[in-house]
> 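Before anything else, here's the structure in question.
This structure is a prediction, so every number in the text was calculated from the model and none was measured.
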Amino acid sequence: MQITDETIDYVGILAKLELSGEEKEQAKKDMTDMLEYVNKLNELDVSGVEPMSHTFPVSNVLREDVVTNGDDSENMLANAPEKSDDSYIVPKTFA
């Protein structure tokens with residue numbers, strides 16, 4: 001892939017950079033060098049390599065979501081200044 005002046009201008013717009021002509025030429029050279037380096041990966045023989053998403057085996061390390069304290073609403077409502085049935089009574093915030 002060839003890096004063009006239009007590509008450099010577009011990347012400059014996306015990155016919100018104002019590049020001088022000299023900086024644009026240097027960026028074009030740097031991007032071309034990067035693409036050539038990455039293109040070397042196409043030379044590798046990966047026919048026997050199994051595709052993977054991670055280099056290490058990944059497993060779920062989270063615990064199962066289990067309720068342990070149950071419904072303790074009576075104890076929670078015991079300290080309420082005002083209550084009605086199974087609910088707190090609070091001051092109105094809107095008139």
Side-chain angles (χ1 to χ4, degrees):
M1 176 180 180
Q2 183 65 28
I3 302 296
T4 63
D5 290 333
E6 291 80 24
T7 304
I8 296 297
D9 290 338
Y10 183 65
V11 171
I13 290 169
L14 292 176
K16 297 185 182 199
L17 297 173
E18 292 182 24
L19 301 173
S20 66
E22 191 176 288
E23 290 171 325
K24 286 181 183 179
E25 287 303 314
Q26 183 63 43
K28 190 190 310 186
K29 180 186 174 307
D30 291 343
M31 287 180 134
T32 301
D33 290 346
M34 283 188 271
L35 287 176
E36 286 174 1
Y37 184 75
V38 170
N39 216 15
K40 287 184 178 184
L41 294 174
N42 290 332
E43 298 172 9
L44 295 174
D45 178 24
V46 293
S47 57
V49 179
E50 183 179 334
M52 60 182 155
S53 60
H54 299 299
T55 55
F56 298 105
V58 177
S59 61
N60 186 359
V61 295
L62 302 175
R63 65 174 171 77
E64 190 171 331
D65 191 14
V66 178
V67 177
T68 57
N69 61 350
D71 181 21
D72 199 20
S73 59
E74 277 187 32
N75 287 332
M76 289 189 289
L77 287 169
N79 293 324
E82 293 183 57
K83 60 184 173 181
S84 172
D85 298 324
D86 289 335
S87 302
Y88 293 100
I89 297 178
V90 296
K92 290 183 181 180
T93 56
F94 293 101

> Would a distance-only check, ignoring hydrogens and angles, find a side-chain to backbone donor-acceptor pair under 3.5 Å from Ser20 to Glu23?
yes
> What are the two closest non-hydrogen atoms of Asp9 and Lys24, and how far apart are they?
OD1-NZ, 2.9 Å
> Does a side-chain heavy-atom distance below 4.5 Å link Leu19 with Glu25?
no
> Provide the closest heavy-atom pair for Ile89 versus Ser84 in the form atom of the first, atom of the second, distance.
CD1-CB, 3.7 Å
> Is there side-chain contact between Ile8 and Met31, with at least one heavy-atom pair below 4.5 Å?
yes
> Indicate, with yes or no, if Leu44 and Tyr37 share a hydrophobic cluster defined by side-chain heavy-atom contacts under 4.5 Å among Ile, Leu, Val, Met, Phe, Trp and Tyr.
no
> Show, in sequence, the C-alpha distance, side-chain angles and deciding distance for Glu6 and Thr4, and conclude whether the side-chain hydrogen bond (donor to acceptor under 3.5 Å, both in side chains) test is met.
CA-CA 5 Å; Glu6 291 80 24; Thr4 63; 3.3 Å; yes
> If you count every heavy atom of other residues, nucleotides or ligands that lies below 6.0 Å from Tyr88 atom OH, does the total exceed 12?
yes
> Spell out, yes or no, whether Ile3 and Leu14 are grouped together once hydrophobic residues are joined by side-chain heavy atoms under 4.5 Å, including indirect joins.
no
> Heavy atoms, side chains only, cut-off 4.5 Å: are Thr7 and Gln2 in contact?
no
> Just checking Asp86: does its CG atom have more than 12 heavy atoms from other residues, nucleotides or ligands closer to it than 6.0 angstrom?
no
> Nearest 0.5 Å, what's the NZ-CG distance between Lys40 and Leu35?
13.0 Å
> Side-chain heavy atoms under 4.5 angstrom apart, residues restricted to Ile, Leu, Val, Met, Phe, Trp, Tyr: same cluster for Leu41 and Val46?
yes
